[in-house]
Amino acid sequence: MGASNVSATSDFTLVGLFSHKGPHLALFFLVATMFTTALLGNTILIFLIATDSRLHTPMYFLLSQLSLLDVGFPLVTIPKMVTDFLQGENAITFGGCATQMFFLMLMGVSEGVLLSLMSYDRYVAVCHPLHYQMLMRGQVCLVMVGSSLFSGALVASIQTSITLQFPYCASHTVDHFFCELPALLKLSCADTSTYELALSISGVLILLLPLSLIFTSYGHVLGAVLRMRSAKARHKAFTTCSSHVAVVGLFYGAAVFMYMVPGSYHSPQQDNVVSLFYSLITPTLNPLIYSLRNKEVQMAFVKAIGRADFRVKR
């Protein structure tokens with residue numbers, strides 16, 4: 001009981017990524033640049049999809065929801081890390097740590113499920129184009145987004161509540177740049193091995209099930225692409241799908257490493273690097289790879305700039 005009281009009333013200390021040395025300063029500015037790029041790219045994409053009627057399609061609706069998650073991901077971690085670096089203070093309250101962990105898990109699981117459902121959207125578009133409007137009608141898209149958010153909220157609520165029940169009566173220094181479940185478990189003075197095993201097993205359902213749907217969908221897409229007679233259409237479909245698979249690989253590869261590989265098999269330094277992939281790097285790459293290269297999005301962007309220029313001149 002005493003240990004639990006200590007846990008609930010004490011702050012944690014985040015080690016962070018940077019020191020005030022030359023190489024770390026360069027890394028700090030790189031992270032700040034990527035953070036700005038992620039927010040700007042995803043915000044522009046959300047705005048264009050919301051305002052341009054030509055982008056009111058199932059694919060772009062799902063992409064706008066992905067961008068919303070990719071705005072939230074870095075906002076939960078990077079501003080806190082930057083503030084700590086500039087002020088020289090790395091403390092975070094117990095409540096703040098719990099909040100960080102909950103929202104990161106919510107967005108992480110939601111994004112994983114959404115990516116798998118987006119792969120289904122591409123499967124229908126390529127393999128069953130005549131039935132696309134029926135299979136991907138508005139109600140279906142809303143159910144997809146709702147199910148991804150529900151999955152994220154459910155997993156986040158369960159995992160966060162269980163993790164915070166462990167006593168943290170020893171060191172409160174989190175060897176990470178934000179409060180993440182595996183890093184926090186290492187601080188507990190209770191035996192967490194059973195829970196870590198359960199966490200790895202649950203990862204099969206939470207991570208590998210959506211990943212198997214992605215590979216199945218893109219496997220069918222690849223088969224359909226190879227059967228296309230038009231070399232131009234084949235090249236376009238293959239380029240689009242391969243870039244999608246690359247981003248999915250980065251996101252899921254990092255998540256599998258963090259949550260399915262036992263903590264004893266990776267160091268805090270490796271955890272920091274891997275966590276950067278799904279908390280910052282993939283949110284930066286997603287709008288560039290999924291949409292901003294598309295002609296439809298580029299035309300919508302030019303149209304929006306034209307409208308803004310016209311209003312200024314008036």
Can any side-chain N or O of [X] pair as donor or acceptor with the backbone N or O of [Y] at less than 3.5 Å?
X: Y252; Y: G112; answer: yes
X: S188; Y: P167; answer: yes
X: N42; Y: A38; answer: yes
X: Q100; Y: E180; answer: no
X: S212; Y: L209; answer: yes
X: S64; Y: F61; answer: yes
X: S110; Y: M107; answer: no
X: S148; Y: V145; answer: yes

Closest heavy-atom contact between [X] and [Y]?
X: S147; Y: S151; result: O-OG, 2.7 Å
X: A300; Y: L48; result: O-CD2, 3.7 Å
X: S157; Y: S161; result: O-OG, 2.8 Å
X: L187; Y: T173; result: CD2-O, 3.2 Å
X: Y168; Y: T163; result: OH-O, 2.8 Å
X: A50; Y: H56; result: O-NE2, 3.3 Å

For this session: Can you establish whether the number of heavy atoms outside Y132 located under 6.0 Å from its atom OH is more than 12?
Result: yes
For this session: For V124 and H131, run side chain to side chain contact (heavy atoms under 4.5 Å, CB included): C-alpha distance rounded to whole Å, both residues' side-chain angles, the deciding distance at 0.1 Å, then the answer.
Result: CA-CA 8 Å; V124 175; H131 300 98; 5.7 Å; no
Seminar exercise, completed: Exactly one candidate in M136, Q65, M59 meets side chain to side chain contact (heavy atoms under 4.5 Å, CB included) with C141; the answer is M136
For this session: Quickly, which of F277, Y278, F73 forms a side chain to side chain contact (heavy atoms under 4.5 Å, CB included) with P283? Name it, please.
Result: F73
Hey, can you tell me if [X] and [Y] have their rings parallel, tilted or perpendicular (30° and 60° cut-offs)?
X: H176; Y: F178; value: tilted
X: F12; Y: F94; value: parallel
X: Y195; Y: F166; value: tilted

Could you measure the distance from the [atom1] atom of [X] to the [atom2] atom of [Y]? Nearest 0.5 Å is fine.
X: I281; Y: M34; atom1: CD1; atom2: CE; answer: 4.5 Å
X: D175; Y: K186; atom1: CG; atom2: NZ; answer: 7.5 Å
X: L68; Y: L45; atom1: CG; atom2: CG; answer: 9.5 Å
X: L55; Y: I49; atom1: CG; atom2: CD1; answer: 6.0 Å
X: T160; Y: F103; atom1: OG1; atom2: CZ; answer: 10.0 Å
X: N286; Y: D70; atom1: CG; atom2: CG; answer: 4.5 Å

Flag the pair [X] / [Y] as yes when at least one side-chain heavy-atom distance between them is below 4.5 Å, and no otherwise.
X: L117; Y: L62; answer: no
X: T284; Y: L280; answer: yes
X: T216; Y: Y123; answer: no
X: K80; Y: F177; answer: no
X: I46; Y: V71; answer: yes
X: F102; Y: Q159; answer: no
X: L276; Y: N272; answer: no
X: M105; Y: V155; answer: yes

Exercise. Would F28 and L86 satisfy side chain to side chain contact (heavy atoms under 4.5 Å, CB included), going step by step from the backbone distance to the final call?
Worked result: CA-CA 10 Å; F28 171 79; L86 295 176; 4.3 Å; yes
Exercise. Would L63 and M118 count as a side chain to side chain contact (heavy atoms under 4.5 Å, CB included) if you check the C-alpha gap in whole Å, the side-chain angles of each, and the deciding distance to 0.1 Å?
Worked result: CA-CA 8 Å; L63 282 171; M118 287 169 63; 3.3 Å; yes
Quick one: do [X] and [Y] end up in the same hydrophobic cluster if we chain Ile, Leu, Val, Met, Phe, Trp and Tyr together by side-chain heavy atoms under 4.5 Å apart?
X: L213; Y: F215; value: no
X: M134; Y: M144; value: yes
X: V143; Y: V140; value: no
X: F301; Y: M299; value: no
X: L104; Y: I162; value: yes

For this session: Just do the side chain to side chain contact (heavy atoms under 4.5 Å, CB included) check on V248 and L211 with the steps written out, would you?
Result: CA-CA 9 Å; V248 167; L211 193 57; 4.2 Å; yes
